[in-house]
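Here's the structure we're looking at; comments come further down.
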Amino acid sequence: MIILGIETSCDETAICIIETDESSAGPKIKILGNQLYSQIALHTQYGGVFPMMAKREHVKNLTPILEKCLEESKIIEFGKKKNLPEEKTEKVKNILIREQGLFEPFIELAEKIESAKWNKKIDAIAVTNGPGLEPALWVGVSFAKALSEVLNVPIIPTNHMEGHIVVASLNKIADKEFELKKINFPAIALLISGGHTQLVLVKDNLKYEIIGNTKDDAIGEAFDKVARILGLAYPGGPLISKLAEKERTEFPNKVPPFPLPRPMIHSHDLNFSFSGIKTAVLYTVQKIPIMTEEIKQEIAREFEDAVVEVIIKKTKEAIEQYGAQTVIIGGGVSANKKIRNDFTTLAEDLNIECLVPEISASTDNAFMIALAGYINIKAGKKPETEFKAMGNLTL
Ligand code: KG4
Ligand code: ZN
């Protein structure tokens, strides 16, 4: 089966084409094409992501990324441009009516597709329909609908958070080739990203219950805000992590000179709060007359230690409470080295399996969306045509 995944929920415009092989017991997944355009450089200038700016960038980049991805996949050989039937062009125009500037480049590519020779056929399109920034999501959803019209291929609306979960269950077997692992259920998934901090009970394949949530900021948001307070660029997560690691290597036994709270660590529930610790960092920094690289390093380490301690403790509680056999981490913050190490150690201590996505598949990408689409199709999910983008879609 060949699936084309589309992801535009935040600040990455991404398209991925995968081919699956079900001839063996565990299905194999091969990446045929994988293109991603990150808007980070643009958003860095403004210190965060503005939804309307993200939307404009998706509009600009989706069509060239699709063309590149199709070329990379070699499933198609483009021919000369050929007009689409008038009725089809009208339909596409209507579908893209709210995405100003998308119709013209899209139809130009569609005309190249119209006369193309297909070496392999795309069986389905999987597109993120939430959660995320709604104007950004809509671009991907409309684009998927227009492409579905041109290619005559069904669409599976796909949950972004499910993408973050399923991509952790892959085993790399060769370059761009993976095997889908069998998960021992129940599993506890910790989803940590710029918009989410959730503990999810995964009862079975694609069966979720959210058992813990943040009451305010998401953990990635806290990383980014603390980075901003320290004068670091957006997105701050990776930069904080780098500073923290440097401090740990240089001064393994240093007592933290600026201790921070471990928010809600003794709350006896599975919820989180990361807004207070960000404010604590702000007050700490305001009291420091001259900020130095050394102090930044100390604060970054203490901040990372504090939040990781909290997520480890809460996840451990969830694992014990639900008798989980597997722990999964997913979402952009799961790219964090300390988090990956500490969760691996936690799983070893509890004698359960730990599933962690490849670093490159931790942050937003379309591979995870194509994969989630595939797993849903195999589970019997039916394609949809009239679905919407939903900013606050839940699992
Ligand atoms: O999942 P993601 O790519 O986008 C959302 O769906 O939000 O997550 C992005 C978040 C950002 O807040 C970014 O700072 C954080 O993931 N992040 C990290 C690291 N890499 C990315 N946070 C901590 N350490 C990292 N190494
Ligand atoms: Zn994400």
Are side-chain N/O atoms of Asn129 and Glu384 paired as donor and acceptor at under 3.5 Å?
no
N/O donor-acceptor pair under 3.5 Å between Thr292 side chain and Ile290 backbone:
no
Applying a strict under-4.5 Å side-chain criterion to I, L, V, M, F, W and Y, I'd like to know whether Ile29 and Leu206 cluster together.
yes
The side-chain contact (heavy atoms from CB on, under 4.5 Å) partners of Lys337 (sequence neighbours excluded) come to Glu245, Asn341
Answer yes when Lys246 and Glu250 have at least one side-chain N-carboxylate O distance shorter than 4.0 Å, and no when they do not.
yes
Lys60 bridged to Glu104 by N-O distance under 4.0 Å:
no
Below 4.0 angstrom, N of the basic side chain to O of the carboxylate: do Lys316 and Glu320 qualify?
yes
Classify the side-chain pair Glu162/Asn376 by whether it contains a donor and acceptor separated by less than 3.5 Å.
yes
Looking only at non-hydrogen atoms, find the nearest pair between Ile377 and Ala124 and report the distance.
CD1-CB, 3.7 Å
Set out, in order, the CA-CA distance, both residues' side-chain angles and the distance that settles side-chain hydrogen bond (donor to acceptor under 3.5 Å, both in side chains) for Thr326 and Asn184, then state yes or no.
CA-CA 6 Å; Thr326 307; Asn184 292 320; 4.8 Å; no
Using the side-chain hydrogen bond (donor to acceptor under 3.5 Å, both in side chains) rule, take Gln39 and Asn61 through it: C-alpha gap first, then chi angles, then the decisive distance, then the call.
CA-CA 10 Å; Gln39 307 173 3; Asn61 296 315; over 6 Å; no
Pairs touching residues 342-370 that satisfy side-chain hydrogen bond (donor to acceptor under 3.5 Å, both in side chains), sequence neighbours left out
His160-Asp364, His164-Asp364, Lys338-Asp342, Arg340-Ser362
In terms of heavy-atom contacts, Leu70 and Ser73 come closest through O-OG, 2.7 Å
What are the two closest non-hydrogen atoms of Gly332 and Ser193, and how far apart are they?
N-CB, 4.0 Å
Of all the heavy-atom pairs spanning His58 and Cys10, show the shortest one and how long it is.
NE2-O, 2.9 Å
Is Asp224 salt-bridged to Arg228, going by a charged N under 4.0 Å from an acidic O?
no
Test item: Glu298 and Phe258 side chains (from C-beta on) under 4.5 Å apart, heavy atoms
yes
Of Ile328, Leu199, Ile319, the one forming a side chain to side chain contact (heavy atoms under 4.5 Å, CB included) with Leu190 is Leu199
Residues at least two apart in sequence or cross-chain that pass side-chain contact (heavy atoms from CB on, under 4.5 Å) with Lys225, listed by chain then number, are Asp217, Glu221, Lys278
Using side-chain heavy atoms (C-beta onward) and a distance below 4.5 Å, is Val327 in contact with Cys354?
yes
Hey, is Glu108 close enough to Lys112 for a salt bridge, meaning N to O under 4.0 Å?
no
Considering residues, nucleotides and ligands other than Gln286, do more than 12 of their heavy atoms fall under 6.0 Å from its CD?
yes
Matching residue for Glu19 among Lys30, Lys28, Lys120 - test: side chain to side chain donor-acceptor pair (under 3.5 Å)
Lys120
Looking at the rings of Phe303 and Phe223, which for Trp means the six-membered one, are their centres under 6.0 Å apart?
yes
